[in-house]
Protein chains: 2
Amino acid sequence: MRFPRPHPNISGIKQEELRRHNLSLLLRYVHLAGPTQRATLTAQTGLNRSTIGALAADLASTAGLVREESPEVRSGAGRPSFVVVPETERYQVLAFDLRVDRIVGARVGLGGTVLSRDVVPLLPDCRDFDEVVKLTATTARRLVDALGPQARCVGVGIATPAVVRGSDGFVRFAPNLGWEERPFGEALGVALADVLPGSMLDDAGVLVANDADLGALAEQARGVARGHDDIVYLSGNVGVGAGIICGGRPLRGHGGYAGEAGHMVVNPAGQRCRCGARGCWETEVGTDAVLRAAGHEPGDGTTVQDIVASAQAGSPRARWALDEVSRWLAVGVGNLVNLFNPELVIFGGELRDLLALMEHDIVSRMGAGGLTVSREHVALVPSALGGDSALFGAAELAFARLLDDPLGVATSLAAMGG
Amino acid sequence: MRFPRPHPNISGIKQEELRRHNLSLLLRYVHLAGPTQRATLTAQTGLNRSTIGALAADLASTAGLVREESPEVRSGAGRPSFVVVPETERYQVLAFDLRVDRIVGARVGLGGTVLSRDVVPLLPDCRDFDEVVKLTATTARRLVDALGPQARCVGVGIATPAVVRGSDGFVRFAPNLGWEERPFGEALGVALADVLPGSMLDDAGVLVANDADLGALAEQARGVARGHDDIVYLSGNVGVGAGIICGGRPLRGHGGYAGEAGHMVVNPAGQRCRCGARGCWETEVGTDAVLRAAGHEPGDGTTVQDIVASAQAGSPRARWALDEVSRWLAVGVGNLVNLFNPELVIFGGELRDLLALMEHDIVSRMGAGGLTVSREHVALVPSALGGDSALFGAAELAFARLLDDPLGVATSLAAMGG
DNA sequence: ACGAATATGTTCTGCCGCACAACTTAGCAT
DNA sequence: ATGCTAAGTTGTGCGGCAGAACATATTCGT
């Protein structure tokens with residue numbers, strides 16, 4: 001009997017991996033939770049005091065990934081515990097959020113602090129592939145120049161409004177940029193090679209991912225979804241996409257294309273979508289749908305926020321439009337809730353504005369039909385990171401390799417570039 | 001800064017868990033792949049020869065979970081490798097598939113062999129909750145009586161056409177059985193307590209799960225989805241449900257209710273569904289929809305297979321009906337493919353018959369719209385286990401605890417019941 | 001103000017799990 | 001037969017974590 005692959009994790013665990021796992025756990029903890037007492041780490045991990053001490057010392061002295069400080073504020077009896085602090089300045093990543101109208105770049109330190117930002121507007125005629133790659137590279141150079149003398153760039157992540165192949169950042173389809181089948185990850189890797197000599201680029205290149213997927217990641221790491229293992233993040237930026245986390249892990253799918261909720265058909269009698277189908281969710285609740293319903297022509301400068309504002313101001317047409325949209329929002333969200341049974345559905349991008357005004361409508365419409373069971377514990381919430389969720393997600397993506405194998409990555413980096 | 005849960009796996013790994021993991025890996029391998037040479041295990045796991053030897057010896061002598069045999073057929077030079085064989089007779093589970101019209105029970109041995117089966121018809125007036133619990137218990141008793149003297153029952157799993165709470169097998173909603181909010185897992189635990197003295201029931205009770213979820217599990221373990229990490233299994237038995245596996249792991253959702261694809265709204269202008277919504281997928285492609293489209297009244301004895309047969313025989317009405325159904329099938333499957341980007345969509349239950357005849361229609365309709373990207377590598381395939389997938393899945397569910405911690409479970413069982 | 005209580009860091013020892021090397025064994029090939 | 005090959009077996013060593021004993025820093029009680 002042939003047996004291709006019996007189990008996701010086919011390989012046996014060895015002691016070396018045990019250490020790596022525990023180091024990773026520790027570093028990830030302080031990266032996500034910020035400065036943490038050793039005592040807390042001991043309690044949370046279940047590892048022995050002495051082991052935590054050894055692990056922290058390893059992270060601190062071998063790679064300088066963390067430092068140990070005496071706590072300022074003291075509470076309770078007993079010897080005060082050292083605080084393990086991530087070395088924010090020393091280990092950094094570059095994060096980018098490529099949007100239709102701009103490129104946002106940031107230097108993010110270990111622990112998630114944004115150390116500097118840079119926004120480059122993208123004029124409609126500059127969305128050309130090569131132009132975007134070049135602009136990203138020059139932005140990267142400016143960010144890299146601001147790196148301190150001690151600082152190391154341990155990765156580059158970029159969020160794009162595109163269907164992206166997970167393995168290599170190849171952009172399959174990005175209607176809002178007008179791209180199709182473009183080797184974005186590869187091109188960026190080449191363009192950044194001389195900007196970042198001796199960085200991790202040789203290993204893994206620039207990490208490109210879908211903006212909604214990264215939004216979900218960011219909300220789980222630093223937003224409303226902290227501590228939640230099953231969430232759906234909806235990104236409304238012209239199109240609609242979903243980033244889904246189930247069982248604590250991002251849903252990727254076979255090629256990395258999972259979460260294309262925008263092209264879920266909800267209304268077979270609806271408008272034809274760019275993708276060729278009829279009544280995709282995106283055509284019913286996307287930016288253009290909202291504008292059209294409110295009597296505007298997409299591109300005339302009106303935004304979803306404007307519509308929301310005029311609805312709040314009492315405009316009947318705007319109210320009607322949002323009511324219509326919320327009807328379809330409820331259908332789509334209901335479907336997603338039935339399929340994923342999440343704890344949270346996070347409304348990001350322009351959907352955030354819609355939720356603010358229409359939450360009651362959406363909830364009551366969802367309650368009118370469908371399985372109540374999966375809906376009883378779900379909460380619809382606005383994104384906590386606002387417009388920056390994809391950017392933060394890109395940073396998390398870029399940090400992922402370091403967090404997965406702290407000493408391995410840090411030392412190999414030290415060997416390469418000092 | 002408060003920090004509820006930083007990471008799915010917050011706990012540190014200790015050496016004990018390392019051993020447990022590797023033992024689990026080995027046992028799971030032979031359980032799924034059947035008798036395997038030690039040399040193969042060495043190669044697959046990456047562990048050292050001596051380690052594999054020690055692990056196998058541990059599984060064999062400490063708990064009798066496997067035995068080591070000399071291989072019969074010899075090929076190639078060198079000393080022949082021992083074959084690690086799962087102790088099928090010694091470790092068994094009870095698996096049940098509760099359906100609308102019958103209860104199927106089976107004794108399944110380690111390695112997945114069905115050792116005996118028992119089918120109890122369920123008359124329409126016997127679907128009463130207490131009746132079903134009692135019938136299951138008597139079936140269980142018959143199966144237990146057939147256990148050999150050496151045999152140990154290490155778990156009980158049951159598949160139900162219901163929305164089931166993951167934690168305790170509480171049935172929230174089972175329209176086809178006419179149940180709502182019933183403590184099925186608990187009741188079965190009580191009913192089976194004296195049938196299975198000294199079994200694992202005290203620990204975890206009877207494991208109840210949704211039939212589609214278990215179908216997916218079974219197809220991944222022993223069916224067409226072997227070696228695939230991203231699959232959608234569709235179960236068509238009166239209603240429509242989906243069992244979804246992503247990244248190699250079953251999609252559970254927060255309460256364990258994920259995968260309710262039958263109540264995904266695909267046609268807002270469609271019929272009203274039992275759940276209260278309009279145009280649920282189930283109302284368009286479920287058994288009743290097929291029958292009605294073909295001009296039959298549900299309950300008149302006609303089956304989906306009959307319709308498929310008459311369509312094959314040339315009946316225009318049947319052809320038209322299936323054409324209509326396949327249109328909605330394509331919409332729903334397209335949505336699922338967009339959301340999950342699976343490698344396989346497995347058609348189980350009555351959908352199997354539909355796929356056999358309508359595959360071309362479904363595929364071409366899916367191709368007409370929607371994102372091509374996520375569809376380019378997906379295959380629509382019939383279930384390989386046919387009507388038994390849920391039953392096999394129930395067995396896998398029941399074995400899960402043993403496979404996760406072989407020695408722990410086996411020894412605690414030995415301590416309890418000899 | 002001083003010692004007791006408390007909680008934590010530190011050090012040392014021990015156990016456990018795996019790798020590796022050296023040796024042994026079983027079958028195959030010439 | 002004899003060597004070749006590939007695997008099992010055995011003993012040693014290393015790495016990783018736990019636990020105990022001790023050291024240390026802070027708070028609390030009087």
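A, B, ... follow the sequence lines: proteins, then strands. Residue 1 opens every chain.
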Pairs meeting criterion salt bridge (Lys or Arg N to Asp or Glu O under 4.0 Å) with involvement of residues 44-56 of chain B, two or more places apart:
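For residues 44-56 of chain B, and leaving out neighbouring residues, there are no salt bridge (Lys or Arg N to Asp or Glu O under 4.0 Å) pairs at all.
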Rounding to a whole Å, what distance do you find between [X]:[atom1] and [N]:[atom2]?
X: A:Q37; N: C:dG9; atom1: CD; atom2: P; result: 8 Å
X: A:H21; N: D:dG16; atom1: NE2; atom2: P; result: 14 Å
X: A:L25; N: D:dG16; atom1: CG; atom2: P; result: 16 Å
X: A:R20; N: D:dC17; atom1: CZ; atom2: P; result: 13 Å

For A:Y91, all residues meeting ring pair (Phe, Tyr, Trp, His ring centres under 6.0 Å), sequence neighbours excluded:
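For A:Y91 there are no ring pair (Phe, Tyr, Trp, His ring centres under 6.0 Å) partners, ignoring immediate neighbours.
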Per-nucleotide protein contact along nucleotides 15-22 of chain C, 5' to 3', at a 4.0 Å heavy-atom cut-off (B base, S sugar-phosphate only, - neither), is -BBSBB-B
Side-chain donor-acceptor pairs of residues 82-89 of chain B under 3.5 Å, sequence neighbours excluded:
| from | atom 1 | to | atom 2 | distance (Å) |
| --- | --- | --- | --- | --- |
| B:E87 | OE1 | B:R67 | NH1 | 3.1 |
| B:T88 | OG1 | B:L110 | O | 2.9 |

Just to confirm, is there a sub-4.0 Å distance from OP1 or OP2 of C:dG9 to any side-chain nitrogen or oxygen of A:R38?
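Answer yes for this pair, as a side-chain N or O of A:R38 is under 4.0 Å from OP1 or OP2.
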Salt bridge (charged side-chain N to carboxylate O under 4.0 Å, His left out) with A:R90: which residues, sequence neighbours excluded?
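In terms of salt bridge (charged side-chain N to carboxylate O under 4.0 Å, His left out), with neighbours along the sequence ignored, A:R90 is linked to no residue.
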Restricting to salt bridge (charged side-chain N to carboxylate O under 4.0 Å, His left out), what partner residues turn up for B:E16, sequence neighbours left out?
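Expected list: B:R20.
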Name all pairs fulfilling the ring-ring contact (aromatic ring centres under 6.0 Å, His included) condition that reach into residues 44-71 of chain A, sequence neighbours left out, sorted by first residue then second.
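Matches after skipping sequence neighbours: none remain.
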State which residues pass side chain to side chain donor-acceptor pair (under 3.5 Å) with A:T62; sequence neighbours excluded, sorted by chain then number.
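Side chain to side chain donor-acceptor pair (under 3.5 Å) check on A:T62 returns A:D58.
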Name of the residue among A:E343, A:E219, A:Q220 meeting side-chain hydrogen bond (donor to acceptor under 3.5 Å, both in side chains) with A:H228:
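In the set A:E343, A:E219, A:Q220, the residue that makes a side-chain hydrogen bond (donor to acceptor under 3.5 Å, both in side chains) with A:H228 is A:E343.
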Kindly give the atom pairs (protein nitrogen or oxygen, nucleotide nitrogen or oxygen) under 3.5 Å for nucleotides 4-7 of chain C.
| from | atom 1 | to | atom 2 | distance (Å) |
| --- | --- | --- | --- | --- |
| C:dT6 | O2 | A:G78 | N | 3.1 |
| C:dA7 | N3 | A:R79 | N | 2.9 |

